[in-house]
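Read the structure below first, then the notes.
For the numbers below, each heavy atom of this structure counts, side chains included, while hydrogens, waters and symmetry mates do not.
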Amino acid sequence: QVQLVESGGGLVQAGGSLRLSCAASGSVFSINVMGWYRQAPDKQRELVAAISSDGSTSYDDSVKGRFTSSRDNAKHTVYLQMSSLKPEDTAVYYCAAKNRGNWGLEFDYWGQGTQVTVSS
C-alpha cells in the first residue's frame, strides 16, 4: 500500500521554526489529499493542515499565518513549514494521506509521528 515516513521534528525555542517532511512510498499514485495532525499527551488528535494534490491548502485557525504546508509530487513528499512556534504547538505530529476517491473524514495512511517540542 502506502508508507509514510516523517522527519524534521525536534526541540526549538518559542519563536523558532521547524520544517517537517513526510515522504511517501509504495502505491503513491493512489494518494490524493494529505494532512498533518498533531496530538499532545492530554489532548485529542487534531488536524492542523491539509493539502490537496494540486497544492490547495487549509489550516486550523490555531496555526494560520504560522504554518505552511506544501508538496512536491515528483518527490512524493509533503512538507509542513512551522514558524513562530509556541509552546502550545508541542505535540507529536503525524502526516496522513487519503486514497483518491476517499472524500470522507478518515485518512487511509499514517506516518509514525515525529515529536515537536517548543520550549518557553
Side-chain angles (χ1 to χ4, degrees):
Q1 291 283 75
V2 173
Q3 297 80 44
L4 304 175
V5 179
E6 300 173 350
S7 61
L11 173 65
V12 297
Q13 293 185 233
S17 300
L18 281 175
R19 187 195 195 199
L20 306 183
S21 299
C22 178
S25 61
S27 300
V28 294
F29 69 91
S30 70
I31 294 174
N32 190 356
V33 176
M34 299 189 70
W36 289 96
Y37 284 79
R38 67 185 180 186
Q39 186 170 27
D42 58 343
K43 294 182 179 179
Q44 295 186 100
R45 184 176 296 179
E46 61 180 354
L47 179 66
V48 297
I51 183 167
S52 66
S53 60
D54 66 358
S56 298
T57 55
S58 61
Y59 302 94
D60 186 80
D61 287 342
S62 65
V63 305
K64 282 183 178 178
R66 300 188 299 117
F67 291 12
T68 301
S69 183
S70 61
R71 65 193 293 169
D72 185 336
N73 289 333
K75 295 181 178 179
H76 311 300
T77 300
V78 65
Y79 305 94
L80 186 67
Q81 178 66 49
M82 305 182 294
S83 61
S84 301
L85 283 162
K86 305 174 181 179
E88 305 92 272
D89 296 318
T90 296
V92 177
Y93 283 72
Y94 300 87
C95 66
K98 289 184 177 181
N99 282 322
R100 296 182 185 275
N102 177 6
W103 304 110
L105 297 177
E106 296 183 356
F107 281 71
D108 299 297
Y109 311 104
W110 293 85
Q112 80 285 357
T114 185
Q115 177 70 46
V116 172
T117 302
V118 184
S119 62
S120 60

Contact check, side chains of Val78 and Trp36, non-hydrogen atoms, under 4.5 Å: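 Counting from C-beta outward, Val78 and Trp36 do come under 4.5 Å.
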Note, Thr114 side chain near Ser7 side chain (heavy atom, < 4.5 Å):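 Counting from C-beta outward, Thr114 and Ser7 never come under 4.5 Å.
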Connected hydrophobic set around Leu11, excluding itself, where side chains approach under 4.5 Å: none
Side chains of residues 42-49: which donor-acceptor partners sit under 3.5 Å, not counting sequence neighbours?
{"residue": "Glu46", "atom": "OE2", "partner": "Arg38", "partner atom": "NE", "Å": "2.8"}
{"residue": "Glu46", "atom": "OE2", "partner": "Arg38", "partner atom": "NH2", "Å": "3.3"}

About how many Å separate [atom2] of [Y] and [atom1] of [X], when rounded to the nearest 0.5 Å?
| X | Y | atom1 | atom2 | result |
| --- | --- | --- | --- | --- |
| Gln13 | Ser120 | CD | OG | 9.5 Å |
| Ser69 | Met82 | OG | CE | 11.0 Å |
| Tyr59 | Thr68 | OH | OG1 | 4.5 Å |
| Phe107 | Tyr37 | CZ | OH | 4.5 Å |

Under the side-chain contact (heavy atoms from CB on, under 4.5 Å) test, residues paired with Asp72 that sit two or more places apart: Ala74, Lys75, Tyr79
Residue list, side-chain contact (heavy atoms from CB on, under 4.5 Å) with Val118, at least two apart or on another chain: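 Scan of Val118 (side-chain contact (heavy atoms from CB on, under 4.5 Å), adjacent residues dropped) gives Val12, Ala14, Leu85, Pro87, Asp89, Thr90, Val116.
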Exercise: identify the closest heavy-atom pair between Met34 and Cys22: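 Shortest heavy-atom separation between Met34 and Cys22 comes out as CE-SG, 4.3 Å.
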Heavy-atom closest contact (Ser21 atom, Thr77 atom, distance):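 In this case the closest contact between Ser21 and Thr77 is CB-CG2, 4.4 Å.
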Residues Gln115, Thr117; criterion side-chain hydrogen bond (donor to acceptor under 3.5 Å, both in side chains); working and verdict: CA-CA 6 Å; Gln115 177 70 46; Thr117 302; 3.3 Å; yes
Whether Arg71 side chain and Val33 backbone form a donor-acceptor pair below 3.5 Å: no
Pairing residues for Tyr109 by the ring pair (Phe, Tyr, Trp, His ring centres under 6.0 Å) criterion, not counting sequence neighbours: none
Within one Ile-Leu-Val-Met-Phe-Trp-Tyr cluster: Leu18 and Tyr94, side-chain cutoff 4.5 Å: no
Anything under 3.5 Å between a donor and an acceptor, one on a side chain of residues 23-32, the other on a protein residue two or more places apart or in another chain? List them.
{"residue": "Ser25", "atom": "OG", "partner": "Gln3", "partner atom": "OE1", "Å": "3.4"}
{"residue": "Ser30", "atom": "OG", "partner": "Ser27", "partner atom": "O", "Å": "2.7"}
{"residue": "Ser30", "atom": "OG", "partner": "Asn99", "partner atom": "OD1", "Å": "3.3"}
{"residue": "Asn32", "atom": "OD1", "partner": "Ser53", "partner atom": "OG", "Å": "3.2"}

